[in-house]
Amino acid sequence: MKELTSFQKRVYTVVKQIPCGKTRSYAWVACKIGKPHAVRAVGTALKNNPFTIIVPCHRVVHSNGAIGDYALGADLKKKLLETESDRRNKIKIKRIR
DNA sequence: AAGTAAGAAATTT
DNA sequence: AAATTTCTTACTT
């Protein structure tokens, strides 16, 4: 089994705090964790991230607006972001009965 | 020592 | 102006 490295923990902690419907850049996360130049390390950490679903890593994009990459496919990531941004999609949980 | 889910800049179209 | 490509830098493992 694996324990997360300290850097990964820090990255996940920050990324987990990104509000829904918003996006942040890798640089933003890197800055938050105290290493504004560790942008690539952040990406690498997220890719090694076993919590790809638990951590909103799909809300992390390039600083210039590019979609970046995603373990499950950048295409899916883009879709997720659009859906979250819309925020009025069919998320309305239909109350059963 | 080797690799990277980035960034910025430069170039091309 | 927008898109694509290339190189650089710093970080982690």
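In what follows, every chain begins at residue 1, and chains take the letters A, B, ... in the order their sequences are listed. Side chains are part of it too, since the values below use all heavy atoms of this structure and drop only hydrogens, waters and symmetry mates. As the structure is a prediction and not an experimental result, all values here were calculated from the model.
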Distance col, row L80(A):CG vs C20(A):SG, nearest 0.5 angstrom, shows 10.0 Å
Secondary structure of DNA chain B per the Watson-Crick/G-U criterion (both distances under 3.5 Å; [ ] crossing, | other strand, . unpaired) is ||||.||||||||
- Looking at K47(A), does any N or O in its side chain come under 4.0 Å of the phosphate oxygens OP1/OP2 on dG3(B)? no
Between S63(A) and dG7(B), is there a side-chain N or O to OP1/OP2 distance below 4.0 Å? yes
Quick note, K35(A) side chain, CB onward, closest among dC11(C), dT4(B), dA6(B) is dC11(C)
Using a strict 4.0 Å threshold on nitrogen-to-oxygen distance, state whether E84(A) and R59(A) make a salt bridge.
-> yes
Ranking dA5(B), dT12(C), dT13(C) by distance to the side chain of A41(A), first place goes to dT12(C)
N/O donor-acceptor pair, side chain R40(A) with base dT12(C), under 3.5 angstrom | no
Rounded to the nearest 0.5 angstrom, the CG-OH distance for N49(A) and Y12(A) is 4.0 Å
Residues of residues 12-33 of chain A with a heavy atom under 4.0 Å from any atom of DNA chain C, listed by number, are none
Tabulated below should be each protein N or O lying under 3.5 Å from an N or O of nucleotides 3-5 of chain C; please produce it.
none

Note to self: Whether H62(A) contacts dA6(B) is assessed here as follows: a side-chain N or O lying under 4.0 Å from the phosphate OP1 or OP2. Is that the case?
What the structure shows: yes
note: F7(A), atom CZ; dG3(B), atom P; distance rounded to Å ~ 20 Å
